[in-house]
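Comments concern the structure below.
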Amino acid sequence: MADIAHCRSDFPALQQDVNGHPLVFLDSAASSQQPAAVIDAVARYQREDHANVHRGVHTLSHRATELYEGARDKLCHLVNAASRSEIILTSGTTESINLVAQSYCRPLLGPGDQILISWLEHHSNIVPWQLVCEQTGADLIVAPINDRGEIELDKMQALMTDRVKLLGVGHVSNALGTVNPLRDIITSAKKLGITVLVDGAQGVPHMNVDVQALGCDFYAFSGHKMFGPTGTGVLWGREKLLEEMPPYKGGGDMILEVSFENTVFNELPYKFEAGTPNIAGTIGFGAAVDYLQSVGMQNISEHEQALHRYMVAKLAAVDGVRLIGTAREQASVQSFMLNDIHPHDLGTLLDHQGVAVRTGHHCAMPVMQRFGLPGTTRASLALYNNTDDIDRLIAALEKARQVFA
Ligand code: PLP
């Protein structure tokens with residue numbers, strides 16, 4: 001097991017100065033940095049193995065296919081899927097959720113049916129459902145959150161009826177860091193036979209995820225939030241459901257036989273992977289899984305939890321800071337306001353001091369509306385952060401407070 005304190009040196013981008021200061025990167029919830037092992041795996045493929053997958057008899061194509069399919073096996077193992085057929089490689093969480101909306105929901109839904117989500121969701125777990133509701137006449141209904149930024153479980157449960165055909169819920173809120181009570185939510189939904197999709201974009205990078213133990217039906221996540229390249233992701237789905245779903249996109253690789261009269265679709269998981277995929281990115285994604293596992297998910301989780309507690313305590317002690325999102329269970333993310341300074345102004349000032357944070361609505365406008373804010377400043381953690389990073393954030397905030405006084 002790697003020593004977590006030394007992991008930072010594995011990330012080349014963290015070894016630079018920004019605006020004259022050593023970079024403090026606190027925006028991993030948007031996109032995490034990549035370790036050299038991931039960058040090298042992508043470069044090796046580009047230099048030595050570049051070829052298309054699944055369709056060549058030559059050596060380079062075999063090598064590319066082996067690396068690409070090897071990544072699928074690693075991802076299957078990471079989330080404990082029952083079979084590699086259940087791992088659909090996508091461009092990210094957004095595409096994974098759209099796939100479920102169009103392939104699972106669209107043929108199933110009609111007027112009177114409902115899709116249930118929570119108020120905490122990222123736009124990726126809202127808009128695809130709105131689109132499919134428009135297409136089918138179904139309704140989107142939303143479970144409220146409390147002032148801490150937690151889903152009101154009893155109210156969500158009250159909305160679960162036999163009209164609800166799918167429940168979409170995040171594992172961890174990217175805006176507030178709330179860890180949702182998935183077991184309770186899924187158990188209640190399953191009692192009524194409701195299909196459950198979990199948006200795991202902020203779950204898999206930070207904790208052990210076992211999709212079989214969770215008991216959901218679909219789980220979506222992105223490579224670039226877990227040290228992999230952008231444009232990579234996974235939809236995990238139960239094989240039985242995936243078998244019954246029609247393809248989402250048509251094209252090469254997703255077929256067994258094509259004539260002008262009839263097309264026979266390929267078997268799982270290829271049925272959902274039309275066209276040349278992001279081969280280089282997926283190989284990098286596989287290397288990212290190796291990296292995560294070499295550090296150990298439990299190790300990562302404990303490190304980030306301890307650092308999150310440190311960050312929250314330090315932030316709360318800054319004069320004028322208001323924490324947005326104070327859920328009893330949080331992971332790796334903290335949103336806040338500093339007096340009435342606009343988050344964009346604050347973010348720019350922090351950047352001048354080499355501290356990278358995210359500002360704005362975090363693609364979760366309903367959450368901002370719930371708190372009556374245009375946006376927040378958000379610091380988010382990954383395994384390479386440490387207490388020095390937090391101390392630098394706090395010092396930069398103190399300076400910003402004086403500038404805006
Ligand atoms: N869901 C959550 C909770 C997210 O944080 C994000 C990205 O910020 C997404 C979905 C969308 O992920 P992607 O842009 O990789 O598809």
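Counting convention: from 1, in listed order, for ligands and their atoms alike.
Each of the atoms 3 (C), 4 (C), 5 (O) of ligand 1 lies under 4.0 Å from some heavy atom of Q202. Within ligand 1, the atoms closer than 4.0 Å to a non-hydrogen atom of T94 are 11 (C), 12 (O), 13 (P), 14 (O), 16 (O), numbered from 1 in the order shown. Set against the non-hydrogen atoms of H224, the atoms of ligand 1 under 4.0 Å away are 13 (P), 15 (O). Counting atoms of ligand 1 from 1 in the listed order, those under 4.0 Å from a heavy atom of S222 are 12 (O), 13 (P), 15 (O), 16 (O).
Within 6.0 Å of atom CD in E66, 12 or fewer heavy atoms from other residues, nucleotides or ligands are found, so the atom counts as exposed in its surroundings. Within a 6.0 Å radius of NZ in K314, other residues, nucleotides and ligands contribute 12 heavy atoms or fewer. Taking a 6.0 Å sphere around CG of N19, one finds it holds more than 12 heavy atoms contributed by other residues, nucleotides or ligands.
Taking 4.5 Å as the limit, every side-chain heavy atom of P35 sits out of range of all side-chain heavy atoms of Y384.
Shortest contact from atom 4 (C) of ligand 1 to any protein heavy atom: H122 CD2, 3.3 Å.
Proximity of K225 to ligand 1, defined as any heavy-atom pair under 4.0 Å, is confined to the side chain (atoms from C-beta onward). Contacts of D199 with ligand 1, taken as heavy-atom pairs under 4.0 Å, involve the side chain alone. Contacts with ligand 1 closer than 4.0 Å are made by no heavy atom of E95, backbone or side chain.
Between Y270 and H54, the angle of the ring planes goes over 60°, which puts this pair in the perpendicular group of the 30/60° scheme.
If you check the side chains of N52 and T276, you find a donor sitting under 3.5 Å from an acceptor.
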